[in-house]
Amino acid sequence: MIDPAHGGAESGAVLGPDNLEKDVTLALARRLRQDLISRGLQVMLVREGDTLLTSDQRASSANAARPALYVCLHATSQGGGMRIYTAMLPSAGTSRGLFASWQTAQAASLPASRSLQQQITTAIQKTRFPVRSLVAPLRPLNNLTMPAVAVEIAPATGQASQLATADYQQMVSAVLANAIAGTRGKLEASQ
Amino acid sequence: MIPRNLAVTVAVLCSLTLGMSLYLWQIRTREATNSRALVPQHVAAPASGTTEKVKVLLAHDETDDLRPESISIPSGSNRQQRAEEILRQLLNVYQQKDAPHPLTAAAEIRNVYLVDPNTAVIDVNSAFVDGQTSGILAEELTLISIVQSLAANVPNVTRVKLLVDGKERETLAGHVDLSGVYDVGEISQLANQLSPQ
């Protein structure tokens, strides 16, 4: 499941005069969907248009769909390349019996998320595309009950306008799709 | 013809209403003047007072990392004043020209409350978050710099909560979660992943 971050009135980062993070993430998500489908994977988008969704709505829809992997896409003008994040779970919130705490719902899947993060990062590093593997306190990652990562894309040239170009998005999408498709064995096993 | 007693009653009531309105207006004006005087003003470190050097963790956007550096704060202040001074001096570094991680000049640390007794509640103004660069890493660098710099220099602070204009806020600038209370040990681990490589 691919989640293009932000949407509607919540535009995310302003990357340029006519370049909003919500538009870049949606365009990139559509490309990534095509690239993953062409590699034999089934893909869903959390939002198909310019829709405002809360973190809770995103998490609820992902948890209901039960995908093998959730990938949230972000874009920023700062730095360069790609950063792959897994959740930093808050210390509060204890699951009781069958009921998982909403704030730490990711706890059971976190080892799988970290393992997939490492595998995706290693695959991207082989292409010489700059990539870092990090942890962040970022919603809705905390609230997801399946392996989940967030991907933040930054321009390679230092110019934020590059994020909106078809060439750069296509390149990023292909690199990411190859890396995700490479985890297919692990994803099928976790299903 | 209006009876005389009714005319007198109406006249008395009108003058009472006018008098009370004037009195209320006067009270409100006095209250507004007093509350303006009560707004805490930031006091700059005395030029001639003694200062001490403390180590803070500075964010660097150029290299996407955090590096320890020394800043000066007035010495001899109590625990709460010390916490506020550290964060205000840290913010001052980020507001300089050519700062390594620029924050808007209008950003302010409104208050730091030390409660419970290991929890620090940092209250920043809305300009602080409005001027913050939006992005996961950019926001994470700000959060870690603030939390680690505070916890490293104010004894027994193990949990930190951020408020904006005294209220809870969902995220710093659209990404990093501000809804919970941060454990200093966990933020320390985030700091390690962002130390210079």
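All of these numbers come straight from a predicted model, not from anything done at the bench.
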J.: Within the structure provided, determine whether B/Leu194 and A/Leu134 are in side-chain contact (heavy-atom separation under 4.5 Å).
T.: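 A side-chain contact exists here, since the closest heavy-atom pair is under 4.5 Å.
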J.: Side chain, backbone, both or neither: which part of B/Leu141 has an atom under 4.5 Å from a heavy atom of chain A?
T.: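 The side chain, not the backbone.
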J.: Could you see if B/Leu172 belongs to whatever hydrophobic cluster contains B/Leu163? Use Ile, Leu, Val, Met, Phe, Trp, Tyr and a side-chain cutoff under 4.5 Å.
T.: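 No, B/Leu172 does not connect to B/Leu163 through the hydrophobic network.
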J.: With chain A as the partner, which of B/Ala138, B/Ser179, B/Ala173, B/Gly180 has the greatest number of non-hydrogen pairs under 4.5 Å?
T.: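 Max contact count across the listed options: B/Ala138.
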J.: Check whether more than 12 heavy atoms from other residues, nucleotides or ligands sit under 6.0 Å from atom CG of A/Asp18, and answer yes or no.
T.: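 Counting other residues, nucleotides and ligands, CG of A/Asp18 stays at 12 neighbours or fewer.
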J.: A side-chain contact here means heavy atoms from C-beta on lying under 4.5 Å apart; do A/Val135 and B/Gln189 qualify?
T.: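 Answer no - side chains too far apart.
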J.: If we count only N and O atoms by modelled type, under 3.5 Å, do the side chains of A/Glu21 and B/His175 hold a donor and an acceptor together?
T.: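 Side chains of A/Glu21 and B/His175: pair found under 3.5 Å.
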J.: Flag yes if A/Val71 and A/Leu26 sit in one hydrophobic cluster, no otherwise; membership is Ile, Leu, Val, Met, Phe, Trp, Tyr, and two members link when side-chain heavy atoms are under 4.5 Å apart.
T.: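 Result: no, two separate clusters.
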J.: Look up atom CG in B/Leu137 and atom NE2 in A/His74, then write down how far apart they are to the nearest 0.5 Å.
T.: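 Reported value, rounded in 0.5 Å steps: 12.5 Å.
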J.: Could you please state which residues from residues 137-148 of chain A sit under 4.5 angstrom from chain B, measuring non-hydrogen atom to non-hydrogen atom, sorted by number, or 'none'?
T.: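 Counting heavy atoms that sit under 4.5 Å from chain B, the residues of residues 137-148 of chain A involved are A/Pro137, A/Leu138, A/Arg139, A/Asn142.
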J.: Can you list every salt bridge (Lys or Arg N to Asp or Glu O under 4.0 Å) pair that touches residues 160-180 of chain A, not counting sequence neighbours?
T.: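 Counting only pairs at least two positions apart or across chains, no salt bridge (Lys or Arg N to Asp or Glu O under 4.0 Å) contact touches residues 160-180 of chain A.
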J.: By a 4.5 Å heavy-atom criterion (distance strictly below it), what part of B/Gln193 contacts chain A: side chain, backbone, both, or neither?
T.: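 The answer is both parts of B/Gln193.
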J.: Looking only at heavy atoms, what is the nearest atom pair of B/Asp64 and A/Gln78, with distance?
T.: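 Shortest heavy-atom contact: OD1-NE2, 3.3 Å.
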J.: Rounded to the nearest 0.5 Å, what separates atom OG in B/Ser134 from atom NE2 in A/His6?
T.: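 The distance works out to 5.5 Å.
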J.: Return yes if some donor-acceptor pair links the side-chain N/O of A/Glu152 with the main-chain N/O of B/Ile136 below 3.5 Å, else return no.
T.: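 Yes, A/Glu152 side chain to B/Ile136 backbone: donor-acceptor pair under 3.5 Å.
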J.: Counting only non-hydrogen atoms closer than 4.5 Å, does B/Leu190 touch chain A with its backbone (N, CA, C, O), its side chain (CB onward), both, or neither?
T.: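 Looking at B/Leu190, just its side chain touches chain A.
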J.: Decide whether B/Val93 and B/Val112 are clustered together by the hydrophobic rule: side chain heavy atoms of Ile, Leu, Val, Met, Phe, Trp, Tyr closer than 4.5 Å, transitively.
T.: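 Shared cluster, yes.
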J.: Following the transitive rule for hydrophobic clusters with a side-chain heavy-atom cut-off under 4.5 Å over Ile, Leu, Val, Met, Phe, Trp and Tyr, establish whether A/Leu28 and A/Val14 coincide in one cluster.
T.: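 No, A/Leu28 does not connect to A/Val14 through the hydrophobic network.
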J.: Report whether B/Tyr113 and B/Val157 are members of the same hydrophobic cluster (ILVMFWY, side-chain heavy atoms less than 4.5 Å apart, transitive linking).
T.: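 No; B/Val157 is not reachable from B/Tyr113 via cluster members.
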J.: Select all residues of residues 142-155 of chain B having any heavy atom within less than 4.5 Å of some heavy atom of chain A, and report them by number, or 'none'.
T.: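 Expected list: B/Leu143.
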J.: Can you list every pair that meets side chain to side chain donor-acceptor pair (under 3.5 Å) and has a residue in residues 6-25 of chain B, with sequence neighbours left out?
T.: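 Found none.
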J.: Where on B/Glu170 is there a heavy atom nearer than 4.5 Å to chain A: the side chain, the backbone, both, or neither?
T.: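 Looking at B/Glu170, just its side chain touches chain A.
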